[in-house]
Amino acid sequence: MSAQIIDGKQVSSEVRERVAGEVAGFIADGGHQPVLATVLVGDDPASHVYVANKLKACEAAGIGSVHHELPAETSERDLITLVRALGDDDGIDGILVQLPPPDHIDPDAVIAAINPAKDVDGLTATNAGLLAGGRPGLVPCTPAGVIELLDHAGTPLEGAEAVIVGRSNLVGRPLISLLLGRNATVTAAHSRTRDLAGVCRRADVLVAAVGVPELLGADHVKPGATVIDVGINRTDDGLKGDVDFEAAVEVAGAITPVPGGVGPMTIAMLMANTLTAARARSASRAAGQARDHAV
Ligand code: NAD
């Protein structure tokens with residue numbers, strides 16, 4: 001029997017519409033228009049497309065945007081100075097530095113300069129620590145999108161066996177915390193895992209975030225499992241996920257395609273995070289004013 005196909009494009013557009021409605025409601029209730037600052041260094045064509053799409057999504061959601069485009073030879077120090085200035089700028093709610101930067105810039109040093117309250121990619125040590133501790137913060141967009149897709153598919157998470165293949169800071173690790181937060185029993189598999197197929201076959205929920213085209217096949221999938229494929233791999237045969245879709249679709253209960261699965265969710269969750277950051281900043285400003293009046 002063929003699995004239910006989880007349509008990431010549809011879920012993404014639902015999330016973006018929901019956020020647009022919430023942005024309008026926030027402003028109608030006296031809030032400010034949320035503003036995202038994007039920073040792009042260099043000429044990488046793919047990065048330019050990604051940023052252009054993020055700016056378009058902002059416009060559709062009623063979120064303001066400010067774009068900074070810097071030449072490839074920009075120094076790490078100048079980039080960090082800009083990122084810190086955006087962090088101090090009261091008119092900016094979210095900061096997105098498009099990664100990866102050119103080779104002479106250390107991405108970790110740039111991430112460390114982002115004001116955690118505006119870290120809409122959820123990459124700073126502060127937000128990673130809050131997530132690991134099960135406390136509210138800004139959650140990385142791709143893993144947040146995975147949870148949104150699982151909820152849309154109606155996959156039960158409480159008590160479920162979840163196996164995540166890949167332990168990157170961007171996807172695998174935050175997912176461990178998000179799925180634990182939903183009371184799943186979580187296994188993190190990686191490049192040194194023995195008997196990867198056996199571990200994966202335990203999973204009611206199998207998430208692949210590896211970067212190896214079609215690494216996981218029918219042998220890795222428990223019949224009826226929900227399979228979420230985060231992989232985006234450019235091959236001579238076109239875009240491929242980390243899961244052999246044709247094989248896995250015959251075994252899984254529900255599965256995301258590539259493209260059209262997790263990919264479209266990242267921008268949607270970026271819009272949601274920008275609104276979350278704007279709300280939190282507005283609330284902390286109001287709390288500060290209340291304290292000022294009290295003294
Ligand atoms: P990464 O290279 O940082 O991490 C890959 C992980 O996979 C590592 O933890 C490694 O241990 C594990 N791994 C590598 N080879 C393995 C093997 N043979 N068996 C088991 N585990 C293995 O990658 P990443 O940034 O997490 O990205 C993973 C994939 O997801 C890539 O294809 C990337 O393009 C894609 N991605 C998509 C989105 C999106 O949809 N918006 C966002 C981020 C990443």
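As the structure lists them, so they are numbered: ligands from 1, and atoms in each ligand from 1.
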**Student:** Any idea which of Gly211, Ser191, Gly263 brings a heavy atom closest to atom 31 (C) of ligand 1?
**Tutor:**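 Selected option, by shortest heavy-atom distance: Gly211.
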**Student:** From the options Val210, Leu239, Leu99, Val171, select the one whose nearest heavy atom is closest to atom 2 (O) of ligand 1.
**Tutor:**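 That would be Val210.
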**Student:** Within the side chain of Glu76, is there an N or O that forms a donor-acceptor pair under 3.5 Å with the backbone of Val110?
**Tutor:**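 Such a contact is absent between Glu76 side chain and Val110 backbone.
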**Student:** Just by modelled atom types, is the Arg173 backbone N or O under 3.5 Å from a matching donor or acceptor in the Arg167 side chain?
**Tutor:**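 Such a contact is absent between Arg167 side chain and Arg173 backbone.
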**Student:** Just jot down the ligand 1 atoms closer than 4.0 angstrom to any heavy atom of Asn233, in number order.
**Tutor:** 32 (O)
**Student:** Distance under 4.0 Å to a non-hydrogen atom of Thr266: what atoms of ligand 1 satisfy this?
**Tutor:**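 Reading through ligand 1 atom by atom, the close ones are 39 (C), 41 (N).
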**Student:** For the pair Thr81 (side chain) and Arg77 (backbone), establish whether a donor and an acceptor sit closer than 3.5 Å, ignoring hydrogens and angles.
**Tutor:**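 Present.
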**Student:** As an exercise, identify every atom of ligand 1 less than 4.0 angstrom from a heavy atom of Val165.
**Tutor:** 20 (C), 21 (N)
**Student:** Is it the side chain (CB and beyond), the backbone, both or neither of Thr193 that lies under 4.0 Å from ligand 1, heavy atoms counted?
**Tutor:** neither
**Student:** For Asn233 and Asp242, which I'm curious about, is there any donor-acceptor pair between the side chains at under 3.5 Å?
**Tutor:**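 A donor-acceptor contact under 3.5 Å links the two side chains.
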**Student:** Is any side-chain heavy atom of Ser12 less than 4.5 Å from a side-chain heavy atom of Ile267?
**Tutor:**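 No, every pair of side-chain atoms sits at 4.5 Å or beyond.
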**Student:** Would you say Arg167 and ligand 1 have an N/O pair spaced under 3.5 Å apart?
**Tutor:**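 Indeed, backbone or side chain, Arg167 has an N or O that close.
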**Student:** Considering non-hydrogen atoms only, spot the tightest contact between Ser47 and Leu99 and give its length.
**Tutor:** OG-O, 4.4 Å
**Student:** Please report whether atom 15 (N) of ligand 1 has a protein non-hydrogen atom at a separation of less than 4.0 Å.
**Tutor:**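 Protein heavy atom within 4.0 Å of atom 15 (N) of ligand 1: present.
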**Student:** From the options Cys141, Ser168, Ala209, select the one whose nearest heavy atom is closest to atom 26 (O) of ligand 1.
**Tutor:**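 The option holding the nearest heavy atom is Ser168.
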**Student:** Whether the side chain of Asn127 engages the backbone of Leu138 through a donor-acceptor N/O pair (distance < 3.5 Å, no angle test) should be reported.
**Tutor:**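 Between the backbone of Leu138 and the side chain of Asn127 there is a qualifying donor-acceptor contact (under 3.5 Å).
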**Student:** Could Arg279 and Glu22 be called an ion pair, given the rule that one side-chain N must be under 4.0 Å from one carboxylate O?
**Tutor:**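 Salt bridge flag = yes for Glu22 with Arg279.
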**Student:** Identify the closest protein heavy atom to atom 19 (N) of ligand 1: which residue and atom is it, and at what distance?
**Tutor:** Leu215 CD2, 3.7 Å
**Student:** For Asp195, does the CG atom have more than 12 heavy-atom neighbours from other residues, nucleotides or ligands under 6.0 Å away?
**Tutor:** yes
**Student:** Which of the numbered atoms in ligand 1 are under 4.0 angstrom from any heavy atom belonging to Val230?
**Tutor:**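 Checking each atom against Val230, I get 30 (O), 35 (C), 36 (N), 37 (C), 40 (O).
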**Student:** Against heavy atoms of Gly166, which atoms of ligand 1 measure under 4.0 Å?
**Tutor:** 6 (C), 7 (O), 9 (O), 12 (C)
**Student:** Has ligand 1 got any nitrogen or oxygen that is less than 3.5 angstrom from a nitrogen or oxygen of Ile232?
**Tutor:**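 For ligand 1, there is an N or O atom that lies under 3.5 Å from one belonging to Ile232.
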**Student:** May I ask whether Thr142 has any heavy atom positioned less than 4.0 angstrom from an atom of ligand 1?
**Tutor:** yes
